[in-house]
Number of protein chains: 2
Amino acid sequence: MTVTIKDVAKRAGVSPSTVSRVLSGHPRISLETSRKVKVIMEEMGYHPNMMAKSLVSKTTNSICIILPKPAEELFSNLFFMELIRGIVTQASRSGYDVLISSGANEKEELEAASRLLKGRRVDGVILLYSRKDDAVIDFLENNGYPFVLVGRSDRYENILSVDNDNVMAAYDATNHLISMGHERIGFVSGPQNLIVSRDRLEGYRKAMQNSELEMRPEWIVEGEFLQDSGYRAMSFFMNLPNRPTALVVVDDMVAFGVLRGLNELKYSVPEDLAIVSFNNIPLSELSNPPISSIDIGIYHLGYTASQVLIQGIQKAAIGAGYTNRFVIPHRLIIRESSMHSLNKK
Amino acid sequence: MTVTIKDVAKRAGVSPSTVSRVLSGHPRISLETSRKVKVIMEEMGYHPNMMAKSLVSKTTNSICIILPKPAEELFSNLFFMELIRGIVTQASRSGYDVLISSGANEKEELEAASRLLKGRRVDGVILLYSRKDDAVIDFLENNGYPFVLVGRSDRYENILSVDNDNVMAAYDATNHLISMGHERIGFVSGPQNLIVSRDRLEGYRKAMQNSELEMRPEWIVEGEFLQDSGYRAMSFFMNLPNRPTALVVVDDMVAFGVLRGLNELKYSVPEDLAIVSFNNIPLSELSNPPISSIDIGIYHLGYTASQVLIQGIQKAAIGAGYTNRFVIPHRLIIRESSMHSLNKK
DNA sequence: CTGTGTAAAGCAAACGGTTCCATAAGGAGG
DNA sequence: CCTCCTTATGGAACCGTTTGCTTTACACAG
């Protein structure tokens, strides 16, 4: 049936241990034996059984991505694809396999994490979101499992995390609009239980305060990271008596929704309403008009997360790491949706 | 350290085999013992070690998605995200984990497949592409590994596959344009080593022949499944002396490229050039104008592929399946990009 | 009271590797 | 010539489960 290490050993006239040593490049194996065994392995089409290997080494050489919320909603956001792409690419380079898993709610995520880690199926996990008071993080932290958070935690200081400086990013985005002469600037936010939403809102506030601009409560609308939220926010804003001339939008998908609504109502962008959003997914430049967006280096975020996690796993035995918070730089990509200056008027 | 089946056994005063049987719901375990053991397992936080389990059962309860080409290019296509979403959702429902893997070329894919299957790390694989003369398919087929192809093979009749009727889909798309009064219709194709490209081209040809329309060789342009290809095809077509009035485009991303070019040159769609494309990715309706596209049920394609594969794995022992080719229905979604009739003129 | 059938649980051998410890051979040093 | 290293290899235990075969303990029929 399957050819095992014992079959190879018998055929080569050596012991299984010797074959194992040849496989792992043990120093105390004569060149002659090593060559002979290798030839036989080739001949017999031997492949080590990963399960057996994992069983004794207590290591699986695989990591897992945990997607929060039903995959249905999530995946529709191009954002995650970019992230996964970065993760898979890096992991593959490090010789790790990537398992992807998702749950319908926090409880299911927790079950998945627990099953995979306690069941020793993966060596560590990457969390793609950070909520306030996240139970999954608690679980991982309390049990000492290797993990890295893409985002930041509001409660743990020393966990591995890869994130942008979202406060600063929002600050920059808002300032860009201000520099274009806008004074009435609205903000379309994401769910407030997500740290990223909070951070971006804070950056917006800082920029507004810094320029001593008025901040009306009705200029801040909260929604989901979905197109529809943008669409709804747009109708709300456009019906306001004293409506904003520009919008900072928390996510490109949401901005697409805003844009769709604006197009339907025949408003023009950026003349009637300037827009800057976040994430710069590959389609931001394809919309009509192309959207100014903060590029947060999504791919890089994923790539780094994977790298940091795998290093963490491998060095776990040696001792804890040095840096634990990695900040990926962002940069503002200015496109048509904000290229209209009010300064001259 | 970790709590094993033996620890539970000892604490419960029974043998490991008994605990194992409790776990698998063996009939010959007294209710009393079963309850006692379950309580102890709970108390001690026992979780079965999947590696050990896999080792003896020779089953991993996981499947693998093999992405061809560098993930870099591939993933940029939203298409794959939808597919993966369908696969992961279904697999998760069946209690399977999904591993994702990719290679830079056919050789690397083969290595990945070989490593994962021979190394007994996954029970089966899903192939997301079918090339002509694919070496990975040969490998899987010759070694009797369970796999399913999303697409179809040109050489094997009886392998499991999930596909659309792409010939018919292209036929429908082309006919739609014909019914709108177009007679000079061009075709932007994908790489000809991909079966899907060939099938769609054939459908276009059939429709044109069927309506006895002229087919000029220069009206068929071959490119990649990327925006740039569309952009280039567009410039080519628009510089033609006798240019087409409508285009059938092999993929939405490519159509976006066409659209971008057309917008830049201030042509209007559909008046100057009508467009119909394929796949209907979530963003097709967001472009300007929204693109008519053949919805091929990407999510459904993935979902079915996963289902078929897992059934195949589980029934492998019992005997081969019945149907082996599954066809997912398509339907044309008409949007603005083709809503301009030439008939009245 | 013995023989037999049955339910419940235990024993031990796998599964395919890794690795610590032991051993054999050969060479060097005394 | 004996002892002691060193180097190359073998032996066996173990990683955490599953499972076929036994064993044990009754209950009941003869």
Side-chain angles (χ1 to χ4, degrees), chain A residues 1-38 40-41 44-62 115-123 317, chain B residues 1-38 40-41 44-62 95 114-123 317:
Chain A
M1 193 125 332
T2 325
V3 24
T4 77
I5 216 170
K6 285 171 195 165
D7 302 325
V8 175
K10 191 170 293 176
R11 181 88 163 276
V14 299
S15 78
S17 7
T18 302
V19 177
S20 173
R21 282 189 262 255
V22 167
L23 228 37
S24 60
H26 189 102
R28 288 245 240 273
I29 290 289
S30 73
L31 212 59
E32 189 195 7
T33 311
S34 172
R35 266 205 283 264
K36 183 177 63 185
V37 170
K38 275 177 184 161
I40 305 237
M41 291 195 314
M44 304 182 71
Y46 170 75
H47 268 255
N49 181 314
M50 300 313 282
M51 296 302 144
K53 206 165 185 161
S54 289
L55 183 56
V56 28
S57 72
K58 293 176 183 311
T59 255
T60 62
N61 267 55
S62 38
R115 184 176 60 82
L116 293 169
L117 285 164
K118 296 208 162 170
R120 288 269 187 287
R121 200 192 198 67
V122 300
D123 298 339
Chain B
M1 190 120 336
T2 325
V3 25
T4 77
I5 219 170
K6 285 174 195 165
D7 302 327
V8 175
K10 191 172 292 178
R11 180 90 163 273
V14 298
S15 78
S17 9
T18 302
V19 177
S20 172
R21 284 190 255 257
V22 167
L23 228 37
S24 60
H26 189 102
R28 288 247 238 275
I29 290 289
S30 73
L31 212 61
E32 190 192 8
T33 311
S34 171
R35 265 205 284 266
K36 183 176 61 184
V37 170
K38 276 178 182 158
I40 305 234
M41 291 195 314
M44 303 181 72
Y46 170 76
H47 268 257
N49 181 315
M50 301 311 282
M51 295 303 144
K53 206 165 184 158
S54 289
L55 182 56
V56 26
S57 72
K58 294 175 182 307
T59 256
T60 62
N61 267 54
S62 36
S114 174
R115 185 176 59 81
L116 292 168
L117 284 164
K118 295 207 162 168
R120 288 268 188 287
R121 198 190 197 68
V122 300
D123 297 339

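Side chains are part of it too, since the values below use all heavy atoms of this structure and drop only hydrogens, waters and symmetry mates. Chain A is the first sequence line, chain B the second, and so forth, proteins listed ahead of strands; every chain is numbered from 1.
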Are any of [X]'s side-chain N or O atoms less than 4.0 Å away from OP1 or OP2 of [N]?
| X | N | value |
| --- | --- | --- |
| B/Lys58 | C/dG16 | yes |
| A/Arg28 | D/dA8 | no |
| A/Ser15 | D/dG11 | no |
| A/Thr33 | D/dA8 | no |

Next on the checklist: Could you measure the distance from the CE atom of A/Met41 to the CE atom of A/Met44? Nearest 0.5 Å is fine.
Outcome noted: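 Nearest 0.5 Å value for the CE-CE distance: 11.0 Å.
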Next on the checklist: Once rounded to the nearest 0.5 Å, what's the spacing between atom OG of A/Ser54 and atom NZ of A/Lys58?
Outcome noted: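 That separation rounds to 11.0 Å.
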Please state how far atom [atom1] in [X] lies from atom [atom2] in [N], giving the value in whole angstrom units.
| X | N | atom1 | atom2 | result |
| --- | --- | --- | --- | --- |
| A/Met51 | D/dT18 | CE | C1' | 16 Å |
| A/Met41 | C/dG17 | CE | P | 11 Å |
| A/Lys6 | C/dG17 | NZ | P | 9 Å |
| B/Arg120 | C/dC15 | CZ | P | 12 Å |
| B/Arg35 | C/dA8 | CZ | C1' | 16 Å |
| B/Leu23 | D/dG16 | CG | P | 15 Å |
| A/Ile29 | D/dG10 | CD1 | P | 8 Å |
| B/Ile5 | D/dG16 | CD1 | P | 11 Å |

Pairwise side-chain contact, [X] with [Y], heavy-atom cut-off 4.5 Å (strictly under):
| X | Y | answer |
| --- | --- | --- |
| A/Ile5 | A/Val8 | no |
| A/Arg121 | B/Met51 | yes |
| A/Val37 | A/Tyr46 | no |
| B/Asn49 | B/Thr4 | no |

Regarding [X], tell me which of base, sugar-phosphate or nothing describes its non-hydrogen contacts under 4.0 Å with the strands shown.
| X | result |
| --- | --- |
| A/His26 | nothing |
| B/Gly13 | sugar-phosphate |
| B/Val56 | base |
| A/Thr4 | sugar-phosphate |

Where the side chain of [X] is concerned, which of [options] is the nearest nucleotide?
| X | options | value |
| --- | --- | --- |
| A/Lys53 | C/dT18, C/dG10, D/dG16 | C/dT18 |
| A/Thr18 | D/dT18, D/dT9, C/dG17 | D/dT9 |
| B/Leu55 | C/dA8, C/dG16, D/dG10 | C/dG16 |

Checklist entry - How does DNA chain C look in dot-bracket notation if pairs are Watson-Crick or G-U with both distances under 3.5 Å, crossing ones as [ ], other-strand ones as |? => result ||||||||||||||||||||||||||||||
Checklist entry - Taking for each residue the nucleotide of DNA chain C bearing the nearest heavy atom, is the 5' side occupied by B/Leu31 or by A/Asn49? => result B/Leu31
Next on the checklist: Reading DNA chain C from 5' onward, which residue's closest nucleotide shows up sooner: B/Ala52 or B/Ser34?
Outcome noted: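 This one resolves to B/Ser34.
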Next on the checklist: Between the base of D/dG11 and the side chain of A/Ser17, is there a donor and acceptor pair under 3.5 angstrom?
Outcome noted: yes
Checklist entry - Quick one: the side chain of B/Arg21 and the base of D/dG20, do they pair up donor-acceptor inside 3.5 Å? => result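 Yes, the side chain and the base share a sub-3.5 Å donor-acceptor pair.
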Checklist entry - With no hydrogens and no angle check, do the side chains of B/Arg120 and A/Thr2 hold a donor and an acceptor under 3.5 Å apart? => result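 Distance-only check passes for B/Arg120 and A/Thr2.
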Item to check | Polar contact flag, side-chain donor to acceptor under 3.5 angstrom, B/Ser20-B/Ser17 | outcome: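 Looking only at side-chain atoms, B/Ser17 and B/Ser20 do not form any donor-acceptor pair under 3.5 Å.
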